[in-house]
Every structure is written in structure tokens, then in C-alpha cells.
There are 2 protein chains.
Amino acid sequence: MKTVNAQAKKLKLARDEFVAQWGALGTQWGINRTMAQIHALLMTAPQPMTTDEVMEDLEISRGNAHTNLKELVAWGLIRVVVKKGERREYFEAEKDVWQIFTIVARERKRREIEPALALLAKCAEESSGIETPEGKAFNNQIRALEDFVGFASKMSDRISSMKYGFAVQMAAKLLG
Amino acid sequence: MKTVNAQAKKLKLARDEFVAQWGALGTQWGINRTMAQIHALLMTAPQPMTTDEVMEDLEISRGNAHTNLKELVAWGLIRVVVKKGERREYFEAEKDVWQIFTIVARERKRREIEPALALLAKCAEESSGIETPEGKAFNNQIRALEDFVGFASKMSDRISSMKYGFAVQMAAKLLG
DNA sequence: TTGAGTTTTCAGTATTAAATGAAAACCGTG
DNA sequence: CACGGTTTTCATTTAATACTGAAAACTCAA
């Protein structure tokens, strides 16, 4: 009993550390702290959790918990689980790392790559008719960027749609 | 003369749009707006520019211009150029898209991947001795994340150190 | 249809990040 | 070594973002 208890304490400590630090990292990633914390919490939760449990665990308000849980659901990083005979919602995280990766990659592509591509296409178009040397140089630089970002976008799609095993196999060649 | 002038105007318009929007995109990427704007400005500048020119062009303060120019230099995305007989510094951007990509990849790795890896290693270590089912599950999840992030980190290195031509060639297989 | 349990919204507040501008430090030249 | 031009720093201000908490809306069972 004593050891089990001591181990449970140790686990709680490690998990709290993970959640707190993962949250801090989130900010570097351009994700808000609470969202990253909830994600970390649920990724390492043995059971699905309710909003209230999340609130209590992270000591945050209902509104904050709610907003970020919904945002995580929108990303697809967590799911709503309904337990029969229970009214309130439970949340559980996607735990498969390859799934997590593809979800994050898809979302980043949508939010970071696609708008960039749209802008580059627009600017390339707008500057295509300009015949001055500066105009041509501008157009060339924009096109180079556009080509590259478009290429990166396609790559991202391809990799994301691979089976994990295949991606690893391919990577093995590169790393070998 | 008239047409050249009209074209110059058109170019200025397109370039301003690019700079402004690239700045807005920067925020999505977790890069501050000014830094992204300066980068866009210099990437499309026909000549190296001084701090004062950047300030004037973007209508920002000296402190802001200075801080972000230095930050871009630290990243390696722009360089200081000294003109002989001139005292003040000029800045020019790296224009090669593959170079830009590898620089950004390296920086992101440093700021996003490595701290995550360190955290995961620490948490894996701290939880390795816990023999409860919850402890084992936690440890397994952390290890899965650690393995994956470590793998991603290695991949990033490999790709970044490739010659552009080789990367394209490899990609061609994937996209074909 | 009422009311307890639960989710959602949002105006107000707090926190964090970025920008300003002026002063200080720096640096080459006369 | 003093002076004008230039860069750097940093306390203060401003802007952007996140969080709170309470009210409103929703939902289901009695």
C-alpha cells in the first residue's frame, strides 16, 4: 500500500510537470497555453475527463476550459465521449502519435501554408505584367517562393496521407 | 516615361501588399509582425537597405526596426553589408528559397522540437520506475511521443542538410 | 412545463507581447 | 580627445491575446 501510494504521488508529480511544461512549449508553437495543457492532460489521462475535472485539475475557469476543449475537438486532437446514463460530456485525446502528427500537419498547412500560397499567387499575378527590371526581379522572387511553398504543401499532403509504417520505412532510407 | 512610371506605381502597390500581408502571416507562424514585414521587404528589395530606409518604409520606430533587424541577422535570414566609404550598415536578405527553408527549419527545430524532446526525456526518466498500471501507461505514452519527436528531429536535420536538387529529386518520387 | 444539470456565450479584466522614443553608448575622424 | 553620425538599450506606453465569471441558453426527465 505504502509503495503504491508513493508511486502514485511520483506519477502525479511527473504528469503535472509534463502538463505545465507542455503548456509553456505550446506558446512557442503559437498555440495558447491552456489548449496545450489540456491536450497534454488528456493525452496522459487513463480515462476520459469531464470539463469540471479539467477545470479543477488545471485550476482554470469554466469558460476557458470550455473554449479550449471545443478548439481541440475542432482540431480533431480530442473527441467527445458520451457515457450511457450520463448527461455530461467526457473528452478523450487521440493518443496515436502518427495521428497527432497528421492532424497538426493538416492544421498548420491550412493556417500557415495555404494563406501564404494565396498571397504569393496574388502578388505574382499582380506583378506579372511589369516590365521594368525591378518588376521582373520582384516577380521572379515571388514566383520562386510560390513554387517552393506549393511544393512544400504537396509534400506535406503526401506524407500526411501515408501509413505510419510506410513513412518510417521511407525515412529509414534517408536516415540510414 | 509615362508607362515606366505607371509600372513603378503598380510594383510599389504589389510590393506593399506583399509586405503587409506577409507580416500578418508571420503572426500565424509565431513570428512577430514587424520581423516578418522587414523580411518580406528585404527579400524583395533590389538593393540592400539601411535601418532608416526600413523605418521610413514600414513607418516604425528606430528601436523596433533595430531589434527586428538584429533578430533577422541572428536567424541568418538577412546579412549586414558594409559599403566602403559609408559608415552606416546596410542589410540584405538571403533570397535563395532553399536556404531560407533550411534556416527556418533549423530555427524551429531549436525553438520547438529540442525543448519538447528534453521535456519528454525528463518525464520518461522520472516515470520509468513507476510500476502501477497508470504509471506504465503514462510512461508508454511519453515514450511514444519521445520516439516520434526524436525521429522528426532527425528527419528535419537530414532534409535540411540536403542539396536542393537532391531534395527535389527525392520529393519527385513521392509526388510521382 | 418546470427545473436541475449542463453547455455556451460574452462583456469586462488581466496578462503578455510588441512598439515607441529618448537617452546612453559606441566609433571613426579630424 | 571631442564631435557628429550611428547603433543600442530600456523604461514606458500601447496593442494583442487570453481568462474569468456570471448570465443565458440549452436539454432532458419527471
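The sequence lines fix the lettering, A, B, ..., with proteins before strands; numbering per chain opens at 1.
Using a 4.0 Å heavy-atom distance criterion, A/Thr34 is classed as a sugar-phosphate-only contact. Residue-level contact check: A/Arg88 touches the backbone only, with heavy atoms under 4.0 Å from sugar-phosphate atoms and none from bases. Within 4.0 Å of B/Asn68, counting heavy atoms only, lie sugar-phosphate atoms of the nucleic acid but no base atom. Residue A/Asn32 is classed as a sugar-phosphate contact, given heavy-atom separations below 4.0 Å to backbone atoms only.
Put simply, A/His66 has no side-chain N or O that comes within less than 4.0 Å of OP1 or OP2 on C/dT7.
If you find the closest nucleotide of DNA chain D to B/Arg87 and to B/Phe91, the one lying nearer the 5' end belongs to B/Arg87. Between A/Glu86 and A/Thr67, the residue anchored closer to the 5' end of DNA chain C is A/Glu86, taking for each the nucleotide with the nearest heavy atom. Between A/Gly63 and A/Gly30, it is A/Gly30 whose nearest contact on DNA chain D lies nearer the 5' terminus.
Between B/Lys109 and B/Glu114 there is a salt bridge, with a side-chain nitrogen of the basic residue lying less than 4.0 Å from a carboxylate oxygen of the acidic one. A salt bridge links B/Asp52 with B/Arg62; the closest basic N to acidic carboxylate O contact falls under 4.0 Å.
Between the side chains of B/Thr44 and B/Arg15, a donor-acceptor pair is found at a separation under 3.5 Å.
Between the side chain of B/Glu92 and the backbone N or O of B/Met49 there is no donor-acceptor pair closer than 3.5 Å.
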